[in-house]
Amino acid sequence: MKHVLRVVNALAAVVIVMALVVLLRATFTPAGEVPTIGGYGILRTLTGSMEPAIPVHSLVVVQQTDPAELQVGDIITFEATEGALDDALNTHRIVQIDEGSAGPVFHTKGDANAVEDAQTVSADHVIGRVVFVSAGLGVIVSLLTNPLLFFPLIVVPLAVLLVLEIRKMVKSAREVAQAEEQAALAEAVEIIKRQREKQAEQEAGEQPADAAVGGGDGLPASERGEADEASESDSLEEQ
């Protein structure tokens, strides 16, 4: 269970970091430009002009590509230059490529549309080539961008996760402090034990020396014996 929670926490952290990166990139991207990270941009289609290849509200990943490398059949995102769509982003398929004086010129068409786009696309208006499409992720993004769902589905879970992580960090800090305190106490007890053992050894080493001490005259046993013999000799001479 702990391993599962760790994996969930790791995935949540990755998602949070990625979301923050995307949010910061989108925030600091100048108006009229597509926010990109590492040469890739993430967009969401608002119409069904490319169905069934790209359903409406799908999430698409666009890779910045050299216009000279584009081919007929590629789906590209570009800045539209016609009528009400002027400067808006559009995602259609290339159906024909002409060579112009300033580079290739692309004829585009939506798969669900009956006719080609009225205006051709010059190379400098191409944002990039579509390399990934996901209708499911697009639905999720659409739901999460709804303020009524954003807070209960994103803010609240993140807040709960943050609180749990803080509690976990506090608990870990307490456990580390207790472990250090117990280690210090055990070390102090060991030092006292060693000191007592050393003191006992010293006292045990002093006892034989005390036992070798003679009577009340303070002389060693050998010298006291010689003194006794000398006293006996003096007594015999006097007799």
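No experiment lies behind these values; they were computed from the predicted model shown.
Looking at E197, R196, Q195 one by one, the single match for side chain to side chain contact (heavy atoms under 4.5 Å, CB included) with K193 turns out to be E197.
Under a hydrophobic clustering in which Ile, Leu, Val, Met, Phe, Trp and Tyr are joined whenever their side-chain heavy atoms come within less than 4.5 Å, directly or via other members, V62 and I54 fall into the same cluster. No continuous path of ILVMFWY side-chain contacts below 4.5 Å connects V72 to V130, so the two sit in separate hydrophobic clusters. Linking Ile, Leu, Val, Met, Phe, Trp and Tyr whenever their side-chain heavy atoms come within less than 4.5 Å leaves V60 and L46 in two separate clusters. Each of V105 and I94 belongs to its own hydrophobic cluster when Ile, Leu, Val, Met, Phe, Trp and Tyr are linked at side-chain heavy-atom distances under 4.5 angstrom.
If you take OG on S122 and CD on E79, they are separated by 9.0 Å, rounding to the nearest 0.5 Å.
Side-chain atoms of T45 and H57 include no donor-acceptor pair closer than 3.5 Å.
Within a 6.0 Å radius of CD in E187, other residues, nucleotides and ligands contribute 12 heavy atoms or fewer. A 6.0 Å sphere centred on CD of E175 holds more than 12 heavy atoms belonging to other residues, nucleotides or ligands.
Screening residues 122-137 for salt bridge (Lys or Arg N to Asp or Glu O under 4.0 Å), with sequence neighbours left out, gives D74-R129.
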Validation: residues 106-113 side-chain donor-acceptor distances under 3.5 Å, sequence neighbours left out:
residue, atom, partner, partner atom, Å
H107, NE2, D98, OD2, 2.6
T108, OG1, D117, OD2, 2.4
K109, NZ, N113, O, 2.7
D111, OD1, R93, NE, 3.0
D111, OD2, R93, NE, 3.4
D111, OD2, R93, NH2, 2.7

Determine all donor-acceptor pairs shorter than 3.5 Å in which one atom belongs to a side chain in residues 63-71; sequence neighbours excluded.
residue, atom, partner, partner atom, Å
Q63, NE2, Y40, OH, 3.3
T65, OG1, Q63, O, 3.0
D66, OD1, A68, N, 3.2

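Within the 4.5 Å cutoff, the side chain of L43 has heavy atoms near those of the L89 side chain.
Between the side chain of E51 and the backbone N or O of V56, at least one donor-acceptor pair lies under 3.5 Å.
S58 and V133 get closest at one heavy-atom pair: CB-CG1, 4.2 Å.
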Stepwise, does the side chain to side chain contact (heavy atoms under 4.5 Å, CB included) test hold for I127 with I76?
CA-CA 7 Å; I127 302 299; I76 61 173; over 6 Å; no
